[in-house]
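Taking it in order: structure first as structure tokens, then the write-up.
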Amino acid sequence: MTPRTRRRLVLALPWAWMALFFVVPFAFVLSIAFAEPSEGLPPYAPLLRWSGEATAVLQLNLANFQLLLEDSYYLDAYLRSLRVAAVSATLCLFIGYPMALAIARAPETWKNLLLMLVILPFWTSFLLRVTAWIGILQDQGWLNGALLTLGVIAEPIPLLYTDTAMYIGITYCYLPFMVLPLYATLSKLDPSLLEAAEDLGAPPWRAFLQITLPLSLPGIVAGFLLVFIPAVGEFVIPELLGGPGAQLIGRVLWTEFFQNRDWPLASALAIVLLAALVLPIALFQWRAGR
Amino acid sequence: MSLAERPGAAEPWRDPAAEPFLRIEKLTKRFGDFVALDEVSLPIYRGELFALLGGSGSGKSTLLRCLAGFLEPDAGRIVLDGQDMAGVPPYARPVNMMFQSYALFPHMSVAQNIGFGLKQEGAARSVIRDRVTEMLAMVKMEGFGDRKPAALSGGQRARVALARALAKRPKLLLLDEPLSALDKNLRESTQFELINIQERTGTTFVIVTHDQEEAMTMATRLAVMDRGTLAQVGTPSDVYEFPNSRFTAEFLGTANILEGVVEGVEAEGVRIGSSELDFDILAEPAASKPLGARVFVALRPERMRIERVAPGTPLGDNRLVGRVRDIGYYGDFFLYYVVLANGKEVRVSQPNLRRRTERPVDWEDTVAVTWDRQASMVLPE
Amino acid sequence: MRGIGRLAIPLGLGFAFLYLPILLMVLFSFNDSRMVTTFTGFSLRWYEGLWRNEVLMGALGLSLRIAAISATMATILGVLAGFALARFGRFPGRAGFGAVMAAPLVMPEVITGLSLLLLFVAMESVFGFPAGRGASTVAIAHATFGAAYVAVVVQSRLADFDLSLEEAAMDLGARPWKVFAVITLPLIAPGIAAGWLLAFTLSLDDLVIASFVSGPGASTLPMVIFSTVRLGLTPELYALATVLVAVVGVALALALRLVRRR
Ligand SMILES: Nc1ncnc2c1ncn2[C@@H]1O[C@H](COP(=O)(O)OP(=O)(O)O)[C@@H](O)[C@H]1O
Ligand SMILES: [Mg+2]
């Protein structure tokens, strides 16, 4: 067997699988985004229809995209998603950076354990961890209970089903995705660089700002994107913790699909969401490529 | 002490009728536009310990990897013991390699590592066991068979790597900078052990190194590589005493290079005049070059003598006068940096013969530097 | 070596943030009261209730089966893909292949779910396969994004791999497949195991994609939890969370032991 055949054999299965179950489906999303909704199952009219004399008629329906552009409901949802994702990623950065730095500077024997502790929540059910926050934040929840007992507040403050709850939830769930890439870059940082900076007269905070921070930029970018990208399309957390106004794009898509059974509109939303995400990824690739 | 200097050692490369064991013929290897090996031809004889010496990036590893079969040459042939190696994959070659990183399989014990090659041949268990025992004894590692490589010291790992590479009794053993990971003392003792094992097994060794002392002490012959070509091939003493170019003269050992023109060929030797230096260099008649030829003369620091003289002493044949700018103390010898009147600098070394005596020559002294005509190594320009 | 110093404070607070919710769940799973927030006394009644909750237990069984099957498929696909990406250099179509293998990592779940559903619907109307949707379509969907994760893990493991080990094996007479079997595979096995576990957990955890591609009668555990939570919190869910935490904790402790002993 030549090396070439061997390579083809290795590549064939994953290529075929990913082509069928990942690439081809997008063709369907794209085509159905241009279809008209209809009654029946599946609830859309085919794009290609056979007209009388064996010729196919292609009907592109742009109404879905038009609606997305014209109805401010969708545009708002879309902008809100970007904002929520960006704010959450920033919160993760501020909580995660000191954690990652602490772990990177911890004694060798502790590092693995600390890293494990960061990853561990990720291995336990995501949905149940979100559920725990319902128990914490609801009106008769643990947090209000604690505050009442301490006398900080006189009556329960509404926390659940607010933007605050949603931000807490997203930050909580995605924090490990921020800490891990940050740790990866910070732990590779040569400690003698800081010693050199201090040797040359920089106090620790300055050494941090001028050495550690710029050199950990790749980790910051990676961590930010790892939180930002999935957060943009997040459905579960806004649905369970956010208020009725927290209409993020993932939630809107879900509603259009499951409640309104408007598959073409849901597909159009998916296309727009995808386009919105390709931009930061392309930017990241371009940066990384340099 | 290399084999070549041992009395009675065979020197098949001096015999035109001798058949090389390994023939490398016009081997060329390119990486894109970059020529890593440029028509390299080299005969190597049975039982040799041949060293490939050269700076970083000169193509040593590339040549070795062509021999092992990891790289396919773009042109040329490799013939081992009469068999053309073209198209023979690494796993089918009667050649084994000791890797620079040792490449010991971390998930296997020392014994499993050493037995790995025989197991691939489908050898019987008892055969493998006996050979592993034999190899462990050979590298003085009895009792370490059950250890994992991670539990060995650097020197022990080197021994296991050697034992593993020799376990299949290859026709040719390749060693890629085998001792570069060891500290100096361990490296020197291991060098002699390698020579011993090589002699006992009679295996032909090709060893890559960038350490010239290692090449000189170990090799029967060595090749100095320069940018994908062989600058010079010969026994260590041949190459050291009779460098064929300025490159080899400076690469192997230290050399002062002086420039001149052949002015006369006399009975007692060649006279090389140097207008810039205001003195003549005398060399052996064997170094004869045509009259008027421009040549380089290489002088080894240890072949020159230094003595204090009164300021204003004139220059002469094979006699320079200058001022001591600096003295390097190396323990076993001193290295004097002598600046001549025209600003040129020569290095002269003197053995440190006595403890705690005053140096015969000191900083800023005016000195004469002299040498015998045999010490003048005339190189073509 | 520069110590943790004052960074211990944000580290401790961060871990408190990560673990307090989990600890509260564990604590209140032993609560005697139906109230999910005031502790009245120790009891195991919610564990009993969980054990007898056929809907939850059935969904758990289904999810475990789907997770095991999809993780195994994902591992096969991901090992091949990761190997190709790490080792084949610049083969034709590498950029496209790399993008396709990495894209599921960042693809919003709603899109992956929607697109796969549309594919399955179209496939059914053309080929009649898959007939209806259920466990098998969920498994296919999970295998697809799981493969991407396994590929990343395997690829990074191979990137750290000392190539001279493989060369040494080949030099000693092992043919390419043999080299892969006795050298490469055993040495990347921890990575493969980690990849499998990752794919398994992701499958067990997925609500959105499963909601799209599953069919009637095939509700996975997250789907059941989701509909339960929408009706209100019950301590049974805390009990379930506690069981999952315990299982993961024990599994990780064992894995850590195994790694240490090597
Ligand atoms: N696989 C390769 N691809 C491209 N260039 C290579 C490759 N291997 C070696 N080279 C180049 O060939 C030259 C010789 O390399 P090598 O034989 O490793 O040198 P040495 O071992 O003498 O230091 C170097 O300039 C190196 O950059
Ligand atoms: Mg080299």
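Since the structure is predicted, the reported quantities are computational estimates derived from the model, not experimental observations. Sequence lines set the chain letters: A, B, ... in the order given, protein chains first and strands last, and positions in each chain run from 1.
Using a 4.5 Å cut-off between heavy atoms, C:S211 touches chain A through backbone and side chain atoms alike. In this structure, chain C has heavy atoms under 4.5 Å from both the backbone and the side chain of A:W142. Contacts of A:F235 with chain C are made by side-chain atoms alone, with heavy-atom separations under 4.5 Å and no backbone atom involved. Proximity to chain C (any heavy atom under 4.5 Å) is shown, for A:L269, by neither the backbone nor the side chain. Interface residue A:S267: backbone and side-chain heavy atoms are both found under 4.5 Å from chain C. In this structure, chain C has heavy atoms under 4.5 Å from both the backbone and the side chain of A:V10. Only the side chain of A:L175 comes within contact range of chain C, with heavy atoms under 4.5 Å apart. For a residue to count as touching a neighbouring chain, one of its non-hydrogen atoms must lie under 4.5 Å from one of that chain's; by this rule C:F226 touches chain A with backbone and side chain alike. Heavy atoms closer than 4.5 Å to chain A are found in the side chain of C:L117, but not in its backbone. In this structure, chain A has a heavy atom under 4.5 Å from the side chain of C:L202, while its backbone stays farther away. Using a 4.5 Å cut-off between heavy atoms, A:V118 touches chain C through backbone and side chain atoms alike. Proximity to chain C (any heavy atom under 4.5 Å) is shown, for A:P121, by both the backbone and the side chain. At a 4.5 Å heavy-atom cutoff, the contact between A:L13 and chain C is made by backbone and side-chain atoms alike. With a threshold of 4.5 angstrom between heavy atoms, A:E234 does not approach chain C through any atom at all. Looking at C:A141, neither its backbone nor its side chain comes within 4.5 Å of chain A, counting heavy atoms on both sides.
No other option in C:D206, C:D205, C:T201 has as many heavy-atom pairs under 4.5 Å with chain A as C:D205. By number of non-hydrogen pairs under 4.5 angstrom with chain C, the leading residue of A:W15, A:F26, A:F126 is A:W15. No other option in A:Y172, A:F258, A:W110 has as many heavy-atom pairs under 4.5 Å with chain C as A:Y172. Contact count against chain A (heavy-atom pairs under 4.5 Å) is highest for C:G14 among C:G5, C:G14, C:A151. Per-residue counts of heavy-atom pairs under 4.5 Å with chain C were compared for A:G250, A:A12, A:A270; the largest is that of A:A270. Interface remark: of the candidates A:L101, A:V24, A:I249, A:I95, A:L101 forms the most heavy-atom pairs closer than 4.5 Å to chain C. For the set C:F200, C:F120, C:F83, C:Y238, the count of heavy-atom pairs under 4.5 angstrom toward chain A peaks at C:Y238. Comparing C:V79, C:L105, C:L24 by heavy-atom pairs within less than 4.5 Å of chain A, the highest count is held by C:L24. Taking A:M18, A:R7, A:M116 one by one and counting their heavy-atom pairs under 4.5 Å with chain C, the maximum is reached by A:R7. Ranked by heavy-atom pairs under 4.5 Å with chain A, the list C:L207, C:I9, C:I22 is led by C:I22. Between chain C and the options A:L273, A:L240, A:L128, heavy-atom pairs under 4.5 Å are most frequent for A:L128. For the options C:A147, C:P104, C:G96, heavy-atom pairs under 4.5 Å to chain A are most numerous at C:P104.
Classified by interplanar angle (parallel below 30°, tilted 30° to 60°, perpendicular above 60°), the ring pair C:F212/A:W254 is perpendicular.
No option in C:L114, C:L118, C:L116, C:V121 other than C:L118 meets the side chain to side chain contact (heavy atoms under 4.5 Å, CB included) test with A:F28.
Annotation: A:R8, atom CZ; neighbour count of heavy atoms from other residues, nucleotides and ligands within 6.0 Å does not exceed 12. Counted within 6.0 Å of CZ on C:F39, heavy atoms from surrounding residues, nucleotides or ligands total more than 12; the atom is thus considered enclosed.
How far OG1 of C:T144 is from CZ of A:F22: 9.0 Å, rounded to the nearest 0.5 Å. Between atom CZ of residue A:F21 and atom CZ of residue C:F145 there is a gap of 14.5 Å, rounded to the nearest 0.5 Å. The CZ atom of C:F88 lies 5.5 Å from the CG atom of A:L11; values are rounded to the nearest 0.5 Å. The distance from the CG atom of A:L120 to the CZ atom of C:F15 is 10.0 Å, given to the nearest 0.5 Å. Note that CG of A:L20 is 5.5 Å distant from CG of C:L119, once rounded to the nearest 0.5 Å. Separation of atoms CD1 (A:I103) and CG (C:L11) is listed at 5.5 Å; rounding is to 0.5 Å.
Contact between A:W133 and C:F17 at its shortest, heavy atoms only, is CZ2-CE1, 3.6 Å. In this structure, A:M99 and C:L18 approach most closely via the heavy-atom pair CE-CD1, 4.3 Å. Pairing each heavy atom of A:F122 with each of C:L198, the nearest pair is CE2-CD1, 3.6 Å. Among all heavy-atom pairs drawn from C:P222 and A:L127, the shortest one is O-CD2, 3.1 Å. Contact record, C:F97 with A:P14: CZ-CB, 4.0 Å, taken as the closest heavy-atom pair.
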So A:Y97 and C:L7, side chain to side chain contact (heavy atoms under 4.5 Å, CB included) or not? Walk me through it. CA-CA 10 Å; A:Y97 199 101; C:L7 284 170; over 6 Å; no
C:L204 vs A:S125, side chain to side chain contact (heavy atoms under 4.5 Å, CB included): CA-CA, chis, key distance, verdict: CA-CA 8 Å; C:L204 206 57; A:S125 170; over 6 Å; no
Dump the intermediate steps for side chain to side chain contact (heavy atoms under 4.5 Å, CB included) on C:W177 and A:R6, then the final yes or no. CA-CA 10 Å; C:W177 286 114; A:R6 210 152 44 214; 3.7 Å; yes
Side chain to side chain contact (heavy atoms under 4.5 Å, CB included), that's the test. Do C:V110 and A:F257 meet it? Break it down for me. CA-CA 10 Å; C:V110 282; A:F257 185 85; over 6 Å; no
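Below 4.5 Å, heavy atoms of chain A meet heavy atoms from C:V229, C:R230, C:L233, all part of residues 228-236 of chain C.
Side-chain contact between C:L20 and A:I136 is absent, with no heavy atoms from C-beta onward closer than 4.5 Å. The shortest distance between side-chain heavy atoms of C:V106 and A:F228 does not fall below 4.5 Å.
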